[in-house]
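For reference, the structure discussed in these notes is given below.
Index from 1, following the sequence. In this text, all values refer to a predicted model and were calculated from it rather than measured experimentally.
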Amino acid sequence: MSNVTYKYIKQNKDVQTYINHADAALSSIGYTEHSNAHVERAAFTANMILSELGYPERDCELAQIAAYMHDIGNVVNRVDHAQSGAIMAFHILEGMGMPAEEICTIVSAIGNHDEHTAAPVNHIAAAVIISDKTDVRRSRVRGAKNYEGTDISDVHDRVNYACEQSKVYFSDDKTSLILDLTIDLRISSIMEYFEIFMDRMILCRKAAKTLNVEFQLVINNQKVL
């Protein structure tokens with residue numbers, strides 16, 4: 001068992017520096033928030049998914065670590081950031097003395113989270129994919145408080161800003177994993193949501209299948225996927 005815990009990773013100043021600089025780089029090119037709020041929410045969701053499905057505690061923690069570190073590659077470039085981040089994570093975790101078996105699991109999850117190249121290669125990668133792709137919320141729009149009453153021209157911002165509430169949870173029988181959104185249709189239509197997020201939702205379905213559950217999307221109390 002490794003002594004590299006999720007708590008230790010969160011408190012590591014180098015990891016925090018990479019997260020901060022990666023988010024700043026994305027901010028400079030107009031991308032939505034990828035700061036601590038995003039990675040901590042992803043880590044929480046990844047842990048919740050595997051915990052609810054009865055996976056070992058250490059697997060749940062490895063999913064947390066992978067989700068927390070999954071976007072550090074954006075400090076290099078947005079293009080191929082999953083692969084860059086996996087290589088960075090390898091060096092960071094090796095330097096911390098984490099066993100190779102656990103490093104393999106984490107870098108596989110990080111390297112397979114971007115929808116253009118992703119694959120749910122194992123249950124931890126599947127949990128990270130879902131936790132990342134289901135983080136849709138108004139507060140991810142930078143300067144969201146300034147948008148009230150104005151036209152949001154960027155469709156990515158508009159779709160995120162329209163999302164008033166976002167929840168990820170299991171059905172009572174644990175056979176379905178549900179992304180439940182409340183969207184203000186005055187800001188963005190459901191069709192616009194699908195235009196932006198269809199690839200991500202398809203990937204979530206594949207990831208859920210790896211976990212032997214069904215992925216469902218509910219928008220404004222209506223099942224749409």
Given the rule that I, L, V, M, F, W and Y join up when any side-chain heavy atoms are under 4.5 Å apart, are [X] and [Y] in one cluster?
X	Y	answer
I87	V4	no
V141	I196	no
F44	Y6	no
L53	V121	no

(request) Hydrophobic side-chain clustering at under 4.5 Å (ILVMFWY, transitive links): who's grouped with Y169? Put none if nobody. (result)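 Via sub-4.5 Å side-chain contacts, Y169 links to I178, V218.
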(request) Quick one: name the residues clustered hydrophobically with I129, using the 4.5 Å side-chain heavy-atom rule over I, L, V, M, F, W, Y, and just say none if it's on its own. (result)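 Reading the cluster by chain and number, I129 sits alongside L203.
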[X] side chain near [Y] side chain, heavy-atom distance below 4.5 Å:
X	Y	value
E164	I183	no
I19	D71	no
D184	Y161	no
H81	V76	no
L179	Q216	no
P120	N112	no
R200	D132	no
V213	T175	no

(message) Does the structure place the NZ or CZ of R205 under 6.0 Å from the centre of the six-membered ring of F215, at an angle of no more than 45° from the ring's axis?
(response)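 No, R205 and F215 do not form such a contact.
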Can you tell me how far [atom2] of [Y] sits from [atom1] of [X], rounded to the nearest 0.5 angstrom?
X	Y	atom1	atom2	answer
I130	T210	CD1	OG1	8.0 Å
F170	S176	CZ	OG	9.5 Å
R158	S189	CZ	OG	8.0 Å
E61	K7	CD	NZ	11.5 Å
L50	L211	CG	CG	6.5 Å

Can you see whether [X] engages [Y] through a side-chain donor-acceptor pair at a distance of less than 3.5 angstrom?
X	Y	value
N47	S51	yes
N20	Q16	yes
T117	Q83	yes

(message) Over 60° means perpendicular and under 30° means parallel, so tell me whether Y193 and F197 are parallel, tilted or perpendicular.
(response)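 Correct class here is tilted.
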Answer yes or no: is there a donor N or O on one side and an acceptor on the other, between the side chain of [X] and the main chain of [Y], under 3.5 Å?
X	Y	result
T45	S131	no
H91	M88	no
S28	A25	yes

(message) For H34 and H70, I'd like to know if the aromatic rings sit close, meaning centre-to-centre distance below 6.0 Å.
(response)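 H34 vs H70: aromatic centres not under 6.0 Å.
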Are [X] and [Y] close enough for a salt bridge, meaning some N to O gap below 4.0 Å?
X	Y	value
R142	E33	no
D135	R137	yes
R58	E102	yes
E214	K174	no

(request) Assess whether side-chain contact (heavy atoms from CB on, under 4.5 Å) is satisfied between Q222 and I190, documenting all intermediate values. (result) CA-CA 11 Å; Q222 297 293 319; I190 293 176; over 6 Å; no
(message) Applying side-chain contact (heavy atoms from CB on, under 4.5 Å) to K209 and K206, what does each step give before you reach the verdict?
(response) CA-CA 5 Å; K209 187 176 181 180; K206 292 178 181 178; 5.6 Å; no
(message) According to ring pair (Phe, Tyr, Trp, His ring centres under 6.0 Å), who are the partners of Y18, at least two apart in sequence or on a separate chain?
(response)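 Y18 satisfies ring pair (Phe, Tyr, Trp, His ring centres under 6.0 Å) with no other residue.
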(request) Evaluate the side-chain contact (heavy atoms from CB on, under 4.5 Å) criterion for residues C163 and R138: first the C-alpha distance (whole Å), next the side-chain angles of each, then the deciding distance (0.1 Å), finally the verdict. (result) CA-CA 5 Å; C163 185; R138 176 167 292 184; 5.7 Å; no
(request) List the steps and the verdict of side-chain contact (heavy atoms from CB on, under 4.5 Å) for S166 and T134. (result) CA-CA 8 Å; S166 172; T134 56; 5.8 Å; no
